[in-house]
**Student:** 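There's a structure below that I have some questions on.
Each residue takes its place number in the sequence, starting with 1.
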Amino acid sequence: MPRLFSSKLLRKVEKSVGAGISLLRAGCVTIYGAQSSRCAFFCLVISLSLSACSSTRPVVKIGLLAPFEGLHRESGYEALAAMRVALSDYPLAEVEALPLALDTSADPAQARRSALKMLRDDSVVAVIGPLQAPTVSAVADVIKTSHLDVWLPTTPATAQKAQVMILTLLAQIEGQKISLAGLDAAWPQLSAMEWSALTGKTVTMADDVDSVAAADGVLWLGNAQDGAAFLARLRALNSAVPFWTTNVAGDPVFFSLLQERLNGAPPGPVYWAFPLPDSPDQYVEWAATQQEPSPTAFAVYQATRWALAKAAGHDVAVEEPGLAIFGLDREGRSELAEYVPLP
């Protein structure tokens, strides 16, 4: 007759399994990108298998649509790190929550493919992202049919809210002559005359840098890389005109490319904004505990906590967002300058 395992040996096995789970969860990230999908899938399978040895709790997943490949990958990994912190800060009693991060590459077509793949997983209970305005538009109809909770941490959820955000930004820019540049298709496509009528200012659509050099302010509504190139050219003509944008200036790619093009010259006044629910107090409190307090990371952290609360069956009261406006310093750090309620 075979000998039974001793209780001491069983405790050692249990400790080894627990340590294995911790190591795998620390080292494995469920990212399904072009290059890392096999490794990520392997990590997920092993992690869930080991989890089954020590826990019978069902698993739910919080989806994250963000760029993990290509130029904007730093933004994606920053968002994923914030999500993982939120998951550890807000443990669920009845279920185990894991991140499911899928790559968008900041590309609308890739974002749509990833959204469709994510929605095939029945254990996904909420989706956070995408982070860039064009990718939000690309997945809107896909996510809408899923009836999942969707949290957009950096972008207005509807075209109407996007228009309100732009009008609020135009009102914040001092002066009467405002140039609107790089108007991405993801934003409301009003004419210069319509923007002017709604704001009471003289708004022009900028086709080139020369046409905005004499403006009182510039609002950029394009992507991060083109925005960095545009601002660098503008600074060669005018070092003082305020440059405003959305979460584009909070993208690490924007400042990195801008530095390369400025070659040591100061970036001048740069402001960026995105909708931040409730008040800025929570952000200020959170930022005080972070070495690199990225506003975008905070928005993902906050959205993850709301998603977990909903998954736990709690009521989540999210007030209408205000507009958090940040100034960008010479080191690329974002400092909260103002919080403006949205009408």
**Student:** In Å and rounded to the nearest 0.5 Å, what is the CD1 to OH distance from Ile128 to Tyr301?
**Tutor:** 12.0 Å
**Student:** Any donor-acceptor pair under 3.5 Å linking the side-chain atoms of Ser114 with those of Gln110?
**Tutor:** yes
**Student:** So, taking the atom named CZ in Arg113 and the one named CG in Asp103, what distance separates them when rounded to the nearest 0.5 Å?
**Tutor:** 9.5 Å
**Student:** Between Leu80 and Arg84, is a side chain to side chain contact (heavy atoms under 4.5 Å, CB included) present by the stated rule, with each step listed?
**Tutor:** CA-CA 6 Å; Leu80 180 59; Arg84 293 177 68 84; 4.3 Å; yes
**Student:** About how many Å separate CG of Leu336 and CG of Asp281, when rounded to the nearest 0.5 Å?
**Tutor:** 9.5 Å
**Student:** Quick one: does Val218's side chain get under 4.5 Å of Leu234's, heavy atoms only?
**Tutor:** yes
**Student:** Any non-hydrogen side-chain atom of Asp184 less than 4.5 Å from a side-chain atom of Pro134?
**Tutor:** yes
**Student:** Could you check Lys61 against Asp122 for salt bridge (Lys or Arg N to Asp or Glu O under 4.0 Å), going step by step and ending with a plain yes or no?
**Tutor:** CA-CA 9 Å; Lys61 298 171 190 169; Asp122 293 335; over 6 Å; no
**Student:** Would you check if Leu328 and Ser334 make a side-chain contact, meaning some heavy-atom pair closer than 4.5 Å?
**Tutor:** yes
**Student:** Are Glu78 and Ser294 linked by a side-chain donor-acceptor pair shorter than 3.5 Å?
**Tutor:** yes
**Student:** Of all the heavy-atom pairs spanning Ala299 and Phe274, show the shortest one and how long it is.
**Tutor:** CB-CE1, 3.8 Å
**Student:** According to the interplanar angle, ranging from 0 to 90°, do the rings of Phe230 and Trp220 count as parallel (below 30°), tilted (30 to 60°) or perpendicular (above 60°)?
**Tutor:** tilted
**Student:** Side chains of Arg330 and Pro267: closer than 4.5 Å at any heavy-atom pair?
**Tutor:** yes
**Student:** Tell me, please, which residues at least two apart from Tyr90 pass side-chain hydrogen bond (donor to acceptor under 3.5 Å, both in side chains).
**Tutor:** His314
**Student:** Taking atom types as modelled, find out whether Arg305 and Gln302 have a side-chain donor-acceptor pair closer than 3.5 angstrom.
**Tutor:** no
**Student:** I would like to know whether Val124 and Leu148 meet side chain to side chain contact (heavy atoms under 4.5 Å, CB included); could you show each step before the answer?
**Tutor:** CA-CA 8 Å; Val124 174; Leu148 289 175; 4.0 Å; yes
**Student:** If you look at every heavy atom in Lys201 and Gln176, which pair is closest and at what distance?
**Tutor:** CB-O, 3.5 Å
**Student:** Between Asp216 and Lys177, does any NZ, NE, NH1 or NH2 come within less than 4.0 Å of an OD or OE carboxylate oxygen?
**Tutor:** no
**Student:** Donor-acceptor pair, distance only, cut-off 3.5 Å: does the side chain of Ser146 make one with the backbone of Ile143?
**Tutor:** yes
**Student:** Check which hydrophobic residues are tied to Leu198 through side-chain heavy-atom contacts below 4.5 Å, counting indirect links as well, and list them.
**Tutor:** Val164, Met165, Ile166, Leu167, Leu169, Leu170, Ile173, Ile178, Leu180, Leu183, Trp187, Leu190, Trp195, Val203, Met205, Leu219, Leu221, Trp244, Tyr271, Leu323, Ile325, Val340, Leu342
**Student:** Say you draw a straight line from CG of Leu71 to CG of Asp107; how long is it, rounded to the nearest 0.5 Å?
**Tutor:** 12.0 Å
**Student:** Side chains of Thr246 and Trp272: donor-acceptor distance under 3.5 Å anywhere?
**Tutor:** no
**Student:** Hey, quick one: are Leu231 and Val209 part of the same hydrophobic cluster, counting side-chain heavy atoms closer than 4.5 Å, chains of contacts allowed?
**Tutor:** yes
**Student:** Against Val127, only a single residue in Leu102, Val142, Leu65 fulfils side-chain contact (heavy atoms from CB on, under 4.5 Å); can you say which?
**Tutor:** Leu65
**Student:** Is the count of non-hydrogen atoms from other residues, nucleotides or ligands lying under 6.0 Å from Gln189 atom CD greater than 12?
**Tutor:** yes
**Student:** Partners of Gln163 by side-chain hydrogen bond (donor to acceptor under 3.5 Å, both in side chains), sequence neighbours excluded?
**Tutor:** none
**Student:** With sequence neighbours excluded, give me every side chain to side chain donor-acceptor pair (under 3.5 Å) pair touching residues 228-239.
**Tutor:** none
**Student:** With the side chain counted from C-beta on, respond yes when Phe255 and Arg333 share a heavy-atom pair under 4.5 Å apart, and no when they do not.
**Tutor:** no
**Student:** In Å, rounded to the nearest 0.5 Å, how long is the span from CZ of Phe298 to OG1 of Thr154?
**Tutor:** 13.5 Å
**Student:** Of all the heavy-atom pairs spanning Ala97 and Leu308, show the shortest one and how long it is.
**Tutor:** CB-CD2, 3.6 Å
**Student:** Per the side chain to side chain donor-acceptor pair (under 3.5 Å) rule, what does the pair list look like for residues 251-269, sequence neighbours excluded?
**Tutor:** His72-Asp251, Ser75-Asp251
**Student:** List, by chain and then residue number, the residues other than Met193 in its hydrophobic cluster (Ile/Leu/Val/Met/Phe/Trp/Tyr, side-chain heavy atoms under 4.5 Å); write none if there are no others.
**Tutor:** none
**Student:** Just how far is it from atom CD of Gln225 to atom CG of Asn223, taken to the nearest 0.5 Å?
**Tutor:** 4.0 Å
**Student:** Minimum heavy-atom separation for Ser123 and Val59, please, with both atom names.
**Tutor:** CB-O, 3.8 Å
**Student:** What heavy-atom pair brings Ala162 and Pro156 nearest, and what distance separates the two atoms?
**Tutor:** N-CB, 3.6 Å
**Student:** Do Ile62 and Pro99 come close enough that some side-chain heavy atom pair is under 4.5 Å?
**Tutor:** no
**Student:** Any donor and acceptor pair, going by atom type alone, linking the side chain of Asp208 with main-chain N or O of Ser211 inside 3.5 Å?
**Tutor:** yes
**Student:** Do the rings of Phe326 and Tyr283 sit parallel, tilted or perpendicular, given the 30° and 60° boundaries?
**Tutor:** perpendicular
**Student:** Look only at the side chain of Ser191 and the backbone of Glu194, and say whether a donor-acceptor pair between them is shorter than 3.5 Å.
**Tutor:** yes
**Student:** What are the two closest heavy atoms between Leu131 and Pro67, and how far apart are they?
**Tutor:** CD1-CD, 4.3 Å
